[in-house]
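Single-structure report; data block below.
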Amino acid sequence: MSRLRSFFIFTVICLLSFNFLLAQDAKEAKMNELLEKPLPTEEKKISLDLKGIDINELFKVLSEKSGMTIITTPEVKGRVTVFMDNLSFSDALDVVATMQDLAYEKKANVVKVMTKAEYEKSFGKKFDERKETRTIRLTYAKPANVMTVITSLKSDLGKIISDDSTGTIIITDTPQSLALLEDTIKELDKPLESAVFDINYARFADLKGYLNDLITPGVGQIIVDERSAKVVVTDLPQRLVRIRKLMEELDEQSRQVLITGEIVEITLNNTFKSGIQWEKLFSKLHELDLVGNFPVSPALSSYGKISLGTVPTNNYNVVINLLNDYGTTRVLTRPRIVVVNKEEAKLLVGTREAYVTSAQSQAETTTVTSESVQFIDVGVKLTVVPTIGTDGYITMKIKPEVSTVIDTLTTAAGTQVPIVSTSQSESVVKIKDGSTLIITGLMKNTETRDNVGYPKLSRIPVVGSLFGNITKENEKTELVIFITPKIITGAGNTGREKI
């Protein structure tokens, strides 16, 4: 019985001891894991603006913001004024230590702060000796270019010197920063490659602007030769891969828009002298959409506004037939022009009115008069700037204008200058590729006078009316502009339509 009792007690003691050892091992492993694991909040940026704060209170704030444990020795005293903006904990700690002439020892997530004398007494070396210096000889890259890139990566205590004559870079910094700097230099100090691109369509000024943003700063180079239409890019191999892909997109043939149309003049009959009510006309056609209307200046149009509508191309003749009900129609022109995407196209149907201006210059004994001819475009002017969308629609900035000479002005020098009356508007319309845009509301009023009777006798004052009279007639016309844009490309390329 006593043997069984002894065996039982021995077994219990062994089990308790084993469990205790397991618990200790687990606790120690957990502690080592916490110490060795990098603190995720260590990379958190710190910003402070403190004046006259106790140095120990400052370390307390740094501890709270970073999650690091900071211990200070009794010799760490004094007050400090500090301003930090977006610094890492390591850089913030270096700044404070430099300002207060302190030293520190960092192990895992615990930082012990002390005076430099205490550090030297404990470790047998000066605190400043913790910084290391490395000399790196470059094989391919220029030291000055590499220095431009890595300067932003050094710590506040670090220093970088470049020597182009020997092709070396000298770095003095903390071990952690040195590792980052060396890795970056290794990536930059690789043999550069050059690629030659034949430029067919893109503008050289635009390309240079794009490439300046794409090349590696301080390493890549761009050479533009407009004479041979070539661009040479020198850069790191991995960066050139990306540049090649983007150059294929940048030097793409510009898409174009074929603009066909018709400008129709309607001489309104007496019933519609005030103008056509386009909203009612558009409502008669199921497939004709009223895009909108807006005022014009001066208000020479019907109801003082321009109307815009769209209609499928196959319904164009239906609209023309409807216009015949409002008066006599006459086609002024059928323009057909091609314009590059996002470029401006201009159309003028009318005349260039000329007038002469003179200028006098006084010589010693004579006066010299010189004359020059000036021109004013009068008639129907249409300016269109198309922008091709990826959805099959074309956004067009349209500026129609109707002008006419209503009188002339005679200057003191005898020069006759035409006075032009203009009705114009400007709008941006989005239209489906191949559909027809209708611009209406551009009206013109023409007044004609005619003498009936005996021409000479009718001009006699008082009794002239007995031999004839003067008749006046007002003629109102309205212009309707049809525009049909189609997306096209040159031959040999894909596109919706080819020329």
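Values below: every heavy atom of this structure, side chains too, minus hydrogens, waters and symmetry copies.
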Out of V110, V111, L93, L62, which residue meets the side chain to side chain contact (heavy atoms under 4.5 Å, CB included) rule with M68? V111
Salt-bridge test for K116 and D101: reply yes if a basic N is under 4.0 Å from a carboxylate O, no otherwise. yes
Does a salt bridge link R137 with D163, judged by any charged N lying under 4.0 Å from a carboxylate O? no
Who passes ring-ring contact (aromatic ring centres under 6.0 Å, His included) against F123, sequence neighbours left out? Y119
Do you know which two heavy atoms are closest between [X] and [Y], and how far apart they sit?
X    : Y    : result
I394 : P485 : CD1-CB, 3.7 Å
I53  : L50  : CD1-CD1, 3.8 Å
E105 : K107 : OE2-CE, 2.9 Å
I169 : M147 : CD1-N, 4.3 Å
S66  : I46  : CB-CD1, 4.3 Å
K486 : D433 : CA-OD1, 3.1 Å

Any donor-acceptor pair under 3.5 Å from [X] side chain to [Y] backbone:
X    : Y    : result
R79  : I55  : no
T184 : L180 : yes
T98  : D94  : yes
R255 : N341 : no
T234 : S194 : no
D189 : Y140 : yes
S63  : T69  : no
T72  : N56  : no
E118 : T115 : yes
D235 : T216 : yes

Atom [atom1] in [X], atom [atom2] in [Y]: separation rounded to 0.5 Å?
X    : Y    : atom1 : atom2 : answer
I215 : L192 : CD1   : CG    : 11.0 Å
Q238 : E193 : CD    : CD    : 9.0 Å
M114 : K121 : CE    : NZ    : 12.5 Å
K106 : I70  : NZ    : CD1   : 10.0 Å
D198 : N200 : CG    : CG    : 6.5 Å
L178 : T133 : CG    : OG1   : 7.5 Å

Are more than 12 heavy atoms, taken from residues, nucleotides or ligands other than Y210, located less than 6.0 Å from that residue's OH atom? no
Student check: side-chain heavy atoms of [X] and [Y] closer than 4.5 Å:
X    : Y    : answer
V232 : D225 : no
I259 : V338 : no
L181 : K154 : yes
R334 : T260 : no
I223 : V231 : no
F204 : I199 : yes
M396 : V428 : no
V233 : L211 : yes

After noting the C-alpha distance and the side-chain angles of T73 and K112, does the key distance pass the side chain to side chain contact (heavy atoms under 4.5 Å, CB included) rule? CA-CA 8 Å; T73 65; K112 183 179 179 181; 4.0 Å; yes
Could you check D85 against S47 for side chain to side chain contact (heavy atoms under 4.5 Å, CB included), going step by step and ending with a plain yes or no? CA-CA 4 Å; D85 185 21; S47 297; 3.7 Å; yes
Please step through salt bridge (charged side-chain N to carboxylate O under 4.0 Å, His left out) for the pair E248 and K245, ending with a clear verdict. CA-CA 5 Å; E248 294 176 2; K245 292 181 179 179; over 6 Å; no
Any side-chain donor paired with an acceptor under 3.5 Å for T166 and T168? yes
Please determine whether side chain to side chain contact (heavy atoms under 4.5 Å, CB included) holds for the pair L87 and K45, giving the CA-CA distance in whole Å, both sets of side-chain angles, and the decisive distance to 0.1 Å. CA-CA 5 Å; L87 294 181; K45 300 299 181 179; 6.0 Å; no
Donor-acceptor list for residues 376-388 side chains, cut-off 3.5 Å, not counting sequence neighbours:
| unit_1 | atom_1 | unit_2 | atom_2 | d |
| --- | --- | --- | --- | --- |
| D377 | OD1 | R352 | NE | 2.9 |
| K381 | NZ | E401 | OE2 | 3.2 |

Residues T436, I483; criterion side chain to side chain contact (heavy atoms under 4.5 Å, CB included); working and verdict: CA-CA 5 Å; T436 299; I483 298 176; over 6 Å; no
Run the salt bridge (charged side-chain N to carboxylate O under 4.0 Å, His left out) check on K346 and E344 step by step: do they pass? CA-CA 7 Å; K346 291 184 178 181; E344 184 179 80; 3.8 Å; yes
